[in-house]
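This report refers to the structure that appears directly beneath it.
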Amino acid sequence: MSEIKKSLYSIYEVTFRPKEFEKKIKQIMELFIEYNDYLNNAPFDTQFLSIQLLKYEAKHSHLIEGIDTNDLELLAQDTPTSKKISNYVNALKKADIYLKENKVFDKNLLLNIHRDLFENMMSVHAINANPGTFRIKQVQIAKYYPPIPALVEEYMQEFISWLNDSTPFLDCDNTNEAFIRGAIAHAYFEKVHPFTDGNGRTGRILFNLILNKYQITTKPYFYISKAILKEQFLYYQELSKLDNNFDYQKWINFFLDLLIYQLESNIKVFKNTMNVILRIRSEIIQEQLPTHREIKKIIFEYISKYPIFTFSKVYFKCKPFFKNVDDATFVYIFNDLIKQCKIKKVPGSRHYEFSEIVSIIVDLN
């Protein structure tokens with residue numbers, strides 16, 4: 001490190017006792033196995049649900065920073081999401097591709113994530129963030145002063161080296177290393193606070209990428225912000241304890257508890273959504289008229305994937321399968337399914353909301 005006085009310890013000074021986490025990490029992996037099973041084997045297409053959970057990861061991530069977005073913006077297929085939310089989603093997607101191609105963490109990866117978070121945003125807030133650039137001015141977080149700007153580059157070089165270095169984890173198997181490294185990286189990144197703004201979002205994406213690199217999930221996205229939001233006070237309290245303390249044992253334990261909550265919450269979403277899908281599918285199968293039954297099946301498959309939708313979208317996606325059915329009959333069957341599924345019209349818009357599905361996805365409990 002530079003001869004300039006350091007205000008933060010080196011990440012290589014961080015200490016932890018991995019044996020003490022083995023039981024909890026085993027529990028986490030059992031939950032991940034169940035979670036992955038739902039992702040891979042659900043009797044409905046999970047792609048849309050997975051993407052919606054990713055959007056809610058972005059929403060929860062922004063809520064931590066006091067930015068709210070309504071559910072219609074997030075779930076409607078043809079309604080633009082807020083720029084901050086869509087940028088978060090795109091930043092995570094692009095970063096995951098970059099890491100797969102390059103195999104290692106590097107400076108460009110982190111700078112690109114930060115740049116993508118502010119892409120095409122022209123507000124003063126976004127401009128002051130200096131997208132894709134380490135901060136050049138000192139900042140203060142509560143009572144904590146992160147390293148001065150002159151040292152940020154050095155801290156980040158060492159941090160990136162540590163991300164790719166297996167030496168600190170010689171006593172860990174691959175699974176333990178993934179979660180412990182992820183917990184430490186998440187906290188230490190916030191301690192360095194390398195950017196003027198957007199550190200929280202960048203750090204949460206970084207944790208996701210660490211899980212991806214160690215192939216913990218079968219899909220590229222796992223979501224942690226809902227758990228952080230639930231324990232927001234404790235989260236910042238535990239982070240503050242690391243200001244001058246490089247023993248990360250308690251922090252790692254706390255972070256692993258967040259993962260358990262998040263996994264249980266995500267599994268609950270998939271279970272409850274699956275139950276709704278299967279129940280209504282069984283009802284549709286009992287439809288007496290074959291044409292009505294087949295049309296309802298096709299429409300239902302579509303609105304299960306896109307639970308906030310417009311009639312025009314349903315018509316153009318589903319009607320071509322039934323060219324011999326006149327429009328009046330199609331509209332009648334559509335309206336009958338709307339009643340059957342208790343789907344409501346969104347006030348002041350052209351959208352319908354599959355409320356039973358939406359309420360499961362957006363549940364904050």
Side-chain angles (χ1 to χ4, degrees), residues 39 42-59 68-90 93 221 269-364:
L39 282 174
F44 59 94
D45 187 345
T46 61
Q47 181 178 355
F48 178 75
L49 179 56
S50 186
I51 292 300
Q52 301 321 311
L53 287 172
L54 176 58
K55 289 180 181 179
Y56 273 89
E57 154 69 0
K59 176 173 182 173
D68 198 6
T69 307
N70 67 56
D71 296 333
L72 183 59
E73 286 183 297
L74 287 168
L75 287 168
Q77 186 196 14
D78 57 349
T79 297
T81 61
S82 77
K83 194 61 185 171
K84 288 178 180 177
I85 296 293
S86 60
N87 279 359
Y88 184 98
V89 171
N90 290 332
K93 287 181 178 179
Y221 311 120
V269 167
F270 277 102
K271 280 183 176 179
N272 291 345
T273 304
M274 182 185 299
N275 289 338
V276 172
I277 299 291
L278 292 177
R279 188 194 77 233
I280 298 177
R281 273 185 177 177
S282 66
E283 293 173 0
I284 291 173
I285 290 173
Q286 297 174 36
E287 177 73 45
Q288 295 297 313
L289 298 175
T291 300
H292 286 219
R293 181 171 62 246
E294 294 306 310
I295 291 176
K296 282 187 177 183
K297 282 169 63 176
I298 293 294
I299 294 175
F300 183 68
E301 291 304 310
Y302 180 79
I303 66 177
S304 297
K305 297 177 187 176
Y306 309 105
I308 292 182
F309 58 91
T310 62
F311 172 75
S312 61
K313 281 288 183 181
V314 171
Y315 182 88
F316 286 113
K317 291 291 184 179
C318 302
K319 181 63 170 63
F321 291 100
F322 306 97
K323 294 179 180 179
N324 295 328
V325 175
D326 61 76
D327 285 354
T329 301
F330 186 86
V331 171
Y332 174 83
I333 296 170
F334 169 82
N335 287 331
D336 191 42
L337 183 62
I338 292 300
K339 293 178 183 177
Q340 184 177 345
C341 297
K342 299 179 181 178
I343 292 170
K344 65 182 182 182
K345 193 80 178 287
V346 177
S349 80
R350 299 178 295 112
H351 290 86
Y352 290 85
E353 177 183 279
F354 193 168
S355 304
E356 197 168 3
I357 295 291
V358 171
S359 64
I360 293 170
I361 297 174
V362 306
D363 179 30
L364 289 175

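Only this structure's heavy atoms are used, side chains among them; waters, hydrogens and symmetry mates stay out.
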> About how many Å separate NZ of Lys296 and OG1 of Thr291, when rounded to the nearest 0.5 Å?
Replying inline: 12.5 Å
> How close do Tyr352 and Val346 get, heavy atom to heavy atom, and via which atoms?
Replying inline: C-CG2, 4.2 Å
>> Would Phe300 and Ile277 count as a side chain to side chain contact (heavy atoms under 4.5 Å, CB included) here? Give the steps.
In response: CA-CA 9 Å; Phe300 183 68; Ile277 299 291; 4.1 Å; yes
>> Could you measure the distance from the NZ atom of Lys317 to the CD atom of Glu301? Nearest 0.5 Å is fine.
In response: 15.0 Å
> Backbone N or O of Phe270 within a donor-acceptor pair of the Thr273 side chain at under 3.5 Å?
Replying inline: no
> For the side chain to side chain contact (heavy atoms under 4.5 Å, CB included) test, which of Ile333, Val325, Leu337 pairs with His292?
Replying inline: Ile333
> Hey, does the side chain of Arg293 reach the backbone of Glu287 with a donor-acceptor pair shorter than 3.5 angstrom?
Replying inline: yes
> Atom CG in Asn272, atom CD1 in Ile357: separation rounded to 0.5 Å?
Replying inline: 9.5 Å
> Sequence neighbours excluded, which residues qualify as salt bridge (Lys or Arg N to Asp or Glu O under 4.0 Å) partners of Lys345?
Replying inline: none
> In a check of side chain to side chain contact (heavy atoms under 4.5 Å, CB included) between Phe321 and each of Ile298, Ile295, Ile299, which one passes?
Replying inline: Ile298
>> I'd like to know if the side chain of Asn335 and the backbone of Val331 have a donor-acceptor N/O pair within less than 3.5 Å.
In response: yes
> Do Ser304 and Arg281 have side-chain heavy atoms sitting under 4.5 Å apart?
Replying inline: no
>> Check whether Lys319 reaches the backbone of Phe322 with its side chain - one donor and one acceptor, N or O, closer than 3.5 Å.
In response: yes
>> Would you say the rings of Tyr302 and Phe309 are close, in the sense that their centroids are separated by under 6.0 Å?
In response: no
